[in-house]
> 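This is the structure I want to talk about, given as structure tokens.
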Amino acid sequence: MPLYQNQPLHIYNSLTGKKERFVALNDGYVGMYVCGPTVYSNVHLGNCRTFMSFDMIFRYLRHLGYKVRYVRNITDAGHLVDDAEDGEDKIAKKARLEKLEPMEVVQRYTVDFHTILEKFNFLPPSIEPTATGHIIEQIEIIKDILAKGYAYKVNGSVYFDVAKFNEKATYGKLSGRKLEDMIANTRALNAQDEKKNPQDFALWKKAEPQHIMRWPSPWGDGFPGWHLECTAMSTKYLGETFDIHGGGMDLKFPHHECEIAQAEASYGKSPVRYWMHANMLTMNGKKMAKSTGNNILPGEIFSGENKVLSKAFAPSVVRFFMMQAHYTSILDLSDEALLASEKGYQRLMEAVSQIKGLETGEKSDFDVNAWIAQCYSAMNDDFNTPVLIAHLFEAVKHINLIKKGEATLTAADKQLLTDTVNAFVFDVLGLQLHEESQANSEQLSGVVELLIQLRMEARANKDFATSDTIRDQLAALGIQLKDGKEGTTFTVL
RNA sequence: GACAAGGUGGCUGAAUGGUUAAGGUGGCAGACUGCAAAUCUGUUUUUACAGGUUCGAAUCCUGUCCUUGUCUCCA
């Protein structure tokens, strides 16, 4: 029997503002769509946080025994830089600046995106479709919406008629906005004469002659509107109604609102059962922005090549840092916070790697079954990873006690503990052990062992000047000696 | 301005009406050590502000302030 039948999962649904019991549309299967990156520059850390939250959600759903089809798109066309001025595609603009073909830009940053995600130990989505690969599907949806009267053509462009849609449905139900308020708050129109209403959004945009990315359509050469790709790809792979749609908080309006409108106009029903929004990442209490310099790229954290941090941090440390916060909270990144997470991460992993060697006894001082139930109940409560981690540290405490011989565990409980810890730490949270691949070559360990030997001899002779020199010089090289009861070991930091 | 998400200890961050507000980290103390580090144990401090509802509020209501997001593409 799959786990999910015994684990009542609850999800905070942004559409209703409530935590709801999750019931899959088709028993045992989950369809999940997450808005992917626009590949016109390096993926930034806030992006990573959102995708990491959904990676964890994907992992937990799988752990529960669901067959999950996880679709995360690549936006490689269709976003306007400034629709009032030049109507230039964001990717096309960047290409001109860098003297590259648009698809060359797309390729470069798609590779960057995948490289970073791989370092963070992301699972690949089931399908990673591109917007440019689904132009035909998008055109079909536009035709359909036009035929149903919720869109209109102007000069080779097609716009969604929000006011018309709002007569029979509700535009703004996801973001809590009212169309009347939006109209009242709209400032004077600039060059938006084409639209009947400033709230209308483009389904198809006419391409000006200088526009490089363009496709033929019944309305002339152009490119699809910026909200349409997600509707086209999600419905193509997951159906007209599917279980979970995720994305960053910033996409709630207008992007997700428009997705709902498009799907309802075309298919006549609400596309998504559970809307999930991940919150933002700030740095040193302020928003990240390239313009103010309060910005950091993932690669700069891994290398330590930046002004914000005192040192480099491993991807798993960053992952652990992010998992310590709930995905719906704003998370603030700082050097101090990362240092704290690094220590906690190391302590957790140290204990995890000790479980195997624990001796077993006649009875258990630790109620493993009750503890497992607490772990699941944390995750079932809207994927509460911070609480799960708190429970993991309870286990750490017991592991250390057992190691010291101050508590015991039966063989059966030890097996249970091992399986559960591994499942949550590695499968669900996606953390990794010893990823630093530290130059643990035989040569290095041979040299260090030799120095440890020399230091031991110096200590035996009470030549502490020599022994401390060895210790301190190695530390300066990033090699930490650890004196224990059973001799000295070392770690490459 | 409107809408949305937040504001909890030195830092980070859980908990949505019910005994001493989780966990990590830091500080302090102890064990270990030649001294440290690492490790282990113990301990310390807090619900933005002002009102209100309640036997009881971090949690619900009202107002104010602050942060972040959105209102043009954006995780």
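Keep in mind that this is a model prediction, so the values were computed, not measured. Chain letters run A, B, ... following the sequence lines, proteins first, then strands; residues in each count from 1.
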> Could you list the residues that satisfy salt bridge (charged side-chain N to carboxylate O under 4.0 Å, His left out) with A:Arg49, not counting sequence neighbours?
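Result, salt bridge (charged side-chain N to carboxylate O under 4.0 Å, His left out) vs A:Arg49: none returned.
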
> Holding to ring pair (Phe, Tyr, Trp, His ring centres under 6.0 Å), I want the full list of residues that pass it with A:His277, two or more places apart in sequence or in another chain.
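A:His277: ring pair (Phe, Tyr, Trp, His ring centres under 6.0 Å) contacts with A:His256.
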
> Rounded to whole Å, please give me the gap between CD in A:Gln374 and P in B:G23.
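So the two atoms are 12 Å apart, to the nearest Å.
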
> If the plane angle is over 60° it's perpendicular, under 30° parallel, otherwise tilted; pick one for A:His255 and A:His227.
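Ring orientation of A:His255 relative to A:His227: tilted.
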
> For residues A:Thr282 and A:Asp332, is any side-chain donor paired with an opposing acceptor at under 3.5 Å?
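Per modelled atom types, A:Thr282 and A:Asp332 side chains form a pair under 3.5 Å.
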
> Indicate, with a heavy-atom threshold strictly under 4.0 Å, whether A:Gly46 touches base, sugar-phosphate, or nothing.
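Counting heavy atoms under 4.0 Å across all strands, the contact made by A:Gly46 includes a base.
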
> Respond yes when some side-chain nitrogen or oxygen of A:Thr282 is under 4.0 Å from OP1 or OP2 of B:G6, and no when none is.
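Answer is no, no contact under 4.0 Å.
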
> Report the distance from atom CE of A:Met182 to atom P of B:U72, rounded to the nearest whole Å.
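Going from CE in A:Met182 over to P in B:U72 covers 10 Å.
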
> Looking at every strand, decide which applies to A:Met249 at a 4.0 Å heavy-atom threshold: base, sugar-phosphate, or nothing.
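The answer is sugar-phosphate, as A:Met249 gets under 4.0 Å only of primed atoms, P, OP1 or OP2.
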
> Spell out protein contact along nucleotides 7-17 of chain B as letters: B when the base is contacted, S when just the sugar-phosphate is, - when no protein heavy atom is under 4.0 Å; keep the 5' to 3' order.
---BSSSSS--

> I need the NE2-P distance between A:His44 and B:C73, as an integer number of Å.
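The answer, rounded to whole Å, is 17 Å.
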
> Pick the P atom in B:C11 and in B:U16, then give their distance to the nearest Å.
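Each nucleotide's P atom is 24 Å from the other's.
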
> Determine which bases of RNA chain B form Watson-Crick or G-U wobble pairs with both distances under 3.5 Å, and write the result as a 5' to 3' dot-bracket string with | for other-strand partners.
(((((((..(((.....[....))).(((((.......)))))....(((((..]....))))))))))))....

> How would you list, by chain and number, every residue that makes a salt bridge (charged side-chain N to carboxylate O under 4.0 Å, His left out) with A:Arg177, sequence neighbours excluded?
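Salt bridge (charged side-chain N to carboxylate O under 4.0 Å, His left out) check on A:Arg177 returns nothing, list empty.
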
> Using the ring of each side chain (for Trp, its six-membered ring), is A:Tyr345 parallel, tilted or perpendicular to A:Phe320, with breaks at 30° and 60°?
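Plane angle between 30° and 60°, so tilted.
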
> Classify the nucleic acid contact of A:Gly36 as base, sugar-phosphate or nothing, counting any heavy atom under 4.0 Å across all strands shown.
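If one applies the 4.0 Å heavy-atom cut-off, A:Gly36 turns out to touch the sugar-phosphate alone, with no base involved.
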
> Between A:Ile389 and A:Ser175, just flag the one whose closest nucleotide in RNA chain B comes earlier from the 5' side.
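Checking each residue's closest nucleotide, the 5'-ward one belongs to A:Ser175.
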
> Check ring pair (Phe, Tyr, Trp, His ring centres under 6.0 Å) between A:His398 and all other residues, then give those that pass, not counting sequence neighbours.
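With sequence neighbours excluded, A:His398 shows a ring pair (Phe, Tyr, Trp, His ring centres under 6.0 Å) to A:Phe366, given in chain and number order.
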
> Testing the basics here: between A:Asn294 and A:Lys287, what is the closest heavy-atom pair and its distance to 0.1 Å?
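Answer, listing the atom of A:Asn294 first, then A:Lys287: ND2-O, 3.0 Å.
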
> B:G23 C1' sits how many Å from A:Leu429 CG, rounded?
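Distance check: A:Leu429 CG to B:G23 C1' gives 13 Å.
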
> Which residues, if any, of residues 462-470 of chain A bring a heavy atom under 4.0 Å of RNA chain B?
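Correct list: A:Phe464, A:Ser467, A:Asp468.
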
> Just by distance, no angles: are the side chains of A:Thr110 and A:Asp112 close enough, under 3.5 Å, to form a donor-acceptor pair?
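Result is no, nothing qualifies.
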
> Indicate whether any N or O donor in one side chain lies under 3.5 Å from an N or O acceptor in the other, for A:Tyr159 and A:Glu194.
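Yes, a side-chain donor-acceptor pair sits under 3.5 Å.
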
> Tell me every residue that passes ring pair (Phe, Tyr, Trp, His ring centres under 6.0 Å) with A:Tyr327, counting only those two or more places apart in sequence or in another chain.
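Partners of A:Tyr327 under the ring pair (Phe, Tyr, Trp, His ring centres under 6.0 Å) test: none.
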
> Please determine if a side-chain N or O atom of A:His277 lies less than 4.0 Å away from the OP1 or OP2 oxygen of B:A5.
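A:His277 to B:A5 OP1/OP2: no side-chain N or O under 4.0 Å.
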
> Please check if the number of heavy atoms outside A:Glu449 that lie under 6.0 Å from its CD is greater than 12.
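Atom CD in A:Glu449 is packed in, count exceeds 12.
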
> If you go through the side-chain atoms of A:Arg177, does one of them form a donor-acceptor pair with the base of B:A2 closer than 3.5 Å?
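Such a pair does not exist between side chain and base.
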
> With A:Lys19, which residues qualify under salt bridge (charged side-chain N to carboxylate O under 4.0 Å, His left out), at least two apart?
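Here the qualifying residues are A:Asp381.
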
> Can you list the residues that meet the salt bridge (charged side-chain N to carboxylate O under 4.0 Å, His left out) rule with A:Lys178, with sequence neighbours excluded?
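In terms of salt bridge (charged side-chain N to carboxylate O under 4.0 Å, His left out), with neighbours along the sequence ignored, A:Lys178 is linked to no residue.
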
> Could you run down nucleotides 38-44 of chain B 5' to 3' and tag each one B, S or - for protein heavy-atom contact under 4.0 Å?
B-SSS--

> Only one of A:Cys258, A:Pro254, A:Ser14 clears side chain to side chain contact (heavy atoms under 4.5 Å, CB included) with A:Leu174; which?
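Output: one option passes, namely A:Ser14.
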
> Between atom CG in A:Leu281 and atom C1' in B:G6, what is the gap in whole Å?
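My rounded result for the distance is 14 Å.
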
> Under 3.5 Å, which N/O atoms of the protein pair with N/O atoms of nucleotides 58-64 of chain B?
none

> Side chains of A:Ser334 and A:Asn284: any donor to acceptor distance under 3.5 Å?
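Judged by distance alone, the side chains do not pair up.
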
> Does either side chain, that of A:Gln262 or that of A:Thr231, offer a donor lying less than 3.5 Å from an acceptor on the other one?
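There is such a pair between these side chains.
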
> Measure CG/A:Leu251 against P/B:G69 and give the value in whole Å, please.
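Atom CG in A:Leu251 sits about 14 Å away from atom P in B:G69.
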
